[in-house]
Amino acid sequence: MGAATVTSSPRSMVAVAFLAAATTFLLAAATAAPVPAIYVFGDSLADVGNNNHLPTLLRADFPHNGIDYPGRKATGRFSNGKNSVDFLADSLGLASPPPYLALSRSNANYANGVNFASGGAGVSNATNKGQCISFDKQIDYFSSVNASLAQSLGQAQTTAHLAKSLFAITIGSNDIIHYAKSSSAAAGNNQPFVDALIQTLTGQLQRLYDLGARKLVFLGTGPVGCCPSLRELSAAKDCSAVANDASVRYNAAAASLLGGMVARHPDMRYALFDSSAALLPFINTPAAYGFAEAKAACCGLGDMNAKIGCTPLSFYCANRTSHVFWDFYHPTEATARKLSSTAFDGSAPLIFPMNIRQLSAL
Ligand SMILES: *[C@@H]1O[C@H](CO)[C@@H](O)[C@H](O)[C@H]1NC(C)=O
Ligand SMILES: *[C@@H]1O[C@H](CO)[C@@H](O)[C@H](O)[C@H]1NC(C)=O
Ligand SMILES: *[C@@H]1O[C@H](CO)[C@@H](O)[C@H](O)[C@H]1NC(C)=O
């Protein structure tokens, strides 16, 4: 506030108060139109602590994870700080939805959103079986959340609430990683693998629709062949071409799947983020995006910090904002922040047929 207001008359004080109120209003209007809640499904890119409650090796509830999170807390996020769904919630002015497994069954408030995502999960039940909450199981859990909401709010209210809420989904990377490491990938034609995955995904997204989801945010798979773990496997330390090709095909097939769903269900809307196309430029020309290191992980051990994940015994880099990758599979908070900003306010072909701000406003 300028010095002029210090000596202002009562009349201009009123004007100042009005201006402050107007500013508050404008700020509120500048954030996206309110959606009541976000329901999150997927893998470690979106997990905010579900796996802390599982007997699994796929977890991140220890340092150096969370080193840049408020309180330096290792929450179970596979990141040095926040992940993409945290930034999505921030953009909407909502708290990041809590992990489903941390909520008390008897007394939980599901109306503010729930995060079902679980590190290791894939489209296929077989992906990391027994080590995570599979996507099918996450939808089972959401089905009980629907029943519980219907009991507390009534069915009509629940239907209206869910129709206004965002359903954020990030799934497929783990299926592609397993496939790229398997011998079937050597055959050289990735389309049959992608087709099978999409067939399963079709049933899963239809189930979400049947349970009341109307606004889908589908975060497509990134260039997973360039994650330090897969890169490290190649003699030349190149990205896995098989994994990157499968990811591009998967995102394209997801686009036609979602387009087809909207054609069948005119009350459904979606925003599809092409994480592959959005993230590859960071990797190919890091300096143009404010990064200094796009190949090695920040936290880990061994060649490129990619032999072993981020544990309390691992090395970690001093400057996390200069690295694209936090550990051998996951992006840094800096990467997640930039990608989320594009998904929220960007345009086609990276986010389409509308961005998340537009989807939220509907
Ligand atoms: C995956 O597991 C769910 C139970 O969580 C089950 O309903 C479904 O049939 C399974 N799908 C396949 C393809 O095995
Ligand atoms: C949601 O829950 C209510 C209440 O149990 C139930 O009547 C309704 O069928 C459920 N919706 C679906 C799609 O299962
Ligand atoms: C961290 O890295 C970024 C990007 O390379 C750079 O802009 C910034 O100055 C670095 N910060 C420090 C403290 O070195």
Side-chain angles (χ1 to χ4, degrees), residues 36-39 41 64 67-69 72 79-82 87 100 103 105-114 116 135-167 169 201-216 226 228 261 264-270 278-300 304-305 310 315-327 330-342:
I38 314 173
Y39 295 90
F41 301 81
H64 307 296
I67 189 167
D68 299 311
Y69 195 82
R72 291 174 80 100
S79 170
N80 57 306
K82 294 181 176 182
F87 287 117
Y100 178 72
L103 297 170
R105 297 299 154 82
S106 54
N107 177 21
N109 180 1
Y110 296 128
N112 292 335
V114 184
F116 303 92
F135 189 28
D136 281 321
K137 188 72 188 169
Q138 292 177 34
I139 301 170
D140 291 348
Y141 284 152
F142 176 65
S143 175
S144 15
V145 163
N146 161 60
S148 167
L149 284 171
Q151 203 158 46
S152 53
L153 304 177
Q155 187 56 54
Q157 273 269 82
T158 299
T159 302
H161 168 77
L162 295 178
K164 283 185 286 174
S165 298
L166 291 188
F167 286 71
I169 301 150
L201 183 66
T202 303
Q204 291 161 332
L205 297 188
Q206 182 61 45
R207 251 187 102 199
L208 283 178
Y209 177 88
D210 292 340
L211 286 164
R214 293 296 179 269
K215 292 182 175 189
L216 271 60
C226 298
M261 280 184 82
R264 287 196 305 280
H265 306 297
D267 59 348
M268 187 189 124
R269 294 287 181 274
Y270 69 95
L279 182 50
L280 259 183
F282 296 10
I283 291 167
N284 292 335
T285 54
Y289 297 90
F291 293 104
E293 177 59 65
K295 293 181 179 172
C298 169
C299 184
M304 301 174 70
N305 292 329
C310 186
F315 169 86
Y316 68 93
C317 62
N319 186 350
R320 270 80 66 186
T321 62
S322 69
H323 278 63
V324 172
F325 290 100
W326 164 240
D327 67 6
H330 305 100
T332 53
E333 174 185 79
T335 302
R337 175 185 276 116
K338 289 184 164 84
L339 292 177
S340 300
S341 158
T342 303

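Just follow the structure's listing: the first ligand is 1, and inside any ligand the first atom is 1.
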Novice: Between Ala147 and ligand 2, which part of the residue brings a heavy atom under 4.0 Å of the ligand: side chain, backbone, both or neither?
Specialist: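 Both backbone and side chain of Ala147 come within 4.0 Å of ligand 2.
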Novice: Give yes when the SG atoms of Cys317 and Cys299 are nearer than 2.5 Å, otherwise give no.
Specialist: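 Disulfide absent: SG-SG distance not under 2.5 Å.
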Novice: Among residues at least two apart in sequence or on other chains, which ones pass side chain to side chain donor-acceptor pair (under 3.5 Å) with Ser340?
Specialist: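 Result, side chain to side chain donor-acceptor pair (under 3.5 Å) vs Ser340: none returned.
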Novice: Taking N or O atoms only and a 3.5 Å limit, does Ser143 qualify as a polar contact for ligand 2?
Specialist: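 No; every N/O pair is 3.5 Å or more apart.
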Novice: So Phe282 and Phe291, would you call those rings parallel, tilted or perpendicular, with 30° and 60° as cut-offs?
Specialist: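 Geometry flag for Phe291 against Phe282: tilted rings.
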Novice: Atoms of ligand 2 less than 4.0 Å from Ala150 heavy atoms?
Specialist: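 Listed by number with element: 2 (O), 3 (C), 4 (C).
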Novice: Pull out every atom of ligand 2 sitting under 4.0 Å from any heavy atom of Leu211, numbered as shown with elements.
Specialist: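 So the atoms of ligand 2 that pass are 12 (C), 13 (C), 14 (O).
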Novice: Checking side-chain polar atoms at under 3.5 Å, does Asp267 have a donor or acceptor matched by the opposite partner on Tyr209?
Specialist: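 Yes, Tyr209 and Asp267 have a side-chain donor paired with an acceptor closer than 3.5 Å.
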Novice: Without swapping roles, check the side chain of Thr158 against the backbone of Leu149 for a donor-acceptor pair under 3.5 Å.
Specialist: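 Yes: the side chain of Thr158 pairs with the backbone of Leu149.
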Novice: Looking only at the side chains, is there a donor atom on one of Thr202 and Gln206 sitting less than 3.5 Å from an acceptor on the other?
Specialist: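 Judged by distance alone, the side chains do not pair up.
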Novice: Distances for all N or O pairs of ligand 3 and the protein under 3.5 Å?
Specialist:
| unit_1 | atom_1 | unit_2 | atom_2 | d |
| --- | --- | --- | --- | --- |
| ligand 3 | 2 (O) | Asn319 | OD1 | 3.4 |
| ligand 3 | 2 (O) | Asn319 | ND2 | 2.3 |
| ligand 3 | 11 (N) | Asn319 | ND2 | 2.9 |
| ligand 3 | 14 (O) | Asn319 | ND2 | 3.4 |

Novice: Could you pull out all residues at least two apart from Arg269 that satisfy salt bridge (Lys or Arg N to Asp or Glu O under 4.0 Å)?
Specialist: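 Counting only residues at least two positions away or on another chain, Arg269 forms no salt bridge (Lys or Arg N to Asp or Glu O under 4.0 Å).
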Novice: May I ask you to list the atoms of ligand 2 that are less than 4.0 angstrom from any heavy atom of Asp210?
Specialist: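 Under 4.0 Å from Asp210, ligand 2 has these atoms: 13 (C).
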Novice: Which residues satisfy the salt bridge (Lys or Arg N to Asp or Glu O under 4.0 Å) test with Lys295, sequence neighbours excluded?
Specialist: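 Here no residue qualifies.
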Novice: Under 3.5 Å, side chain of Tyr316 to main-chain N/O of Asp327, donor-acceptor pair present?
Specialist: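 Flag not set: sc Tyr316 to bb Asp327 has no pair under 3.5 Å.
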Novice: What part of Gln151, side chain from CB on, backbone N/CA/C/O, both or neither, has a heavy atom under 4.0 Å from ligand 2?
Specialist: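 Within the 4.0 Å criterion, Gln151 makes no contact with ligand 2.
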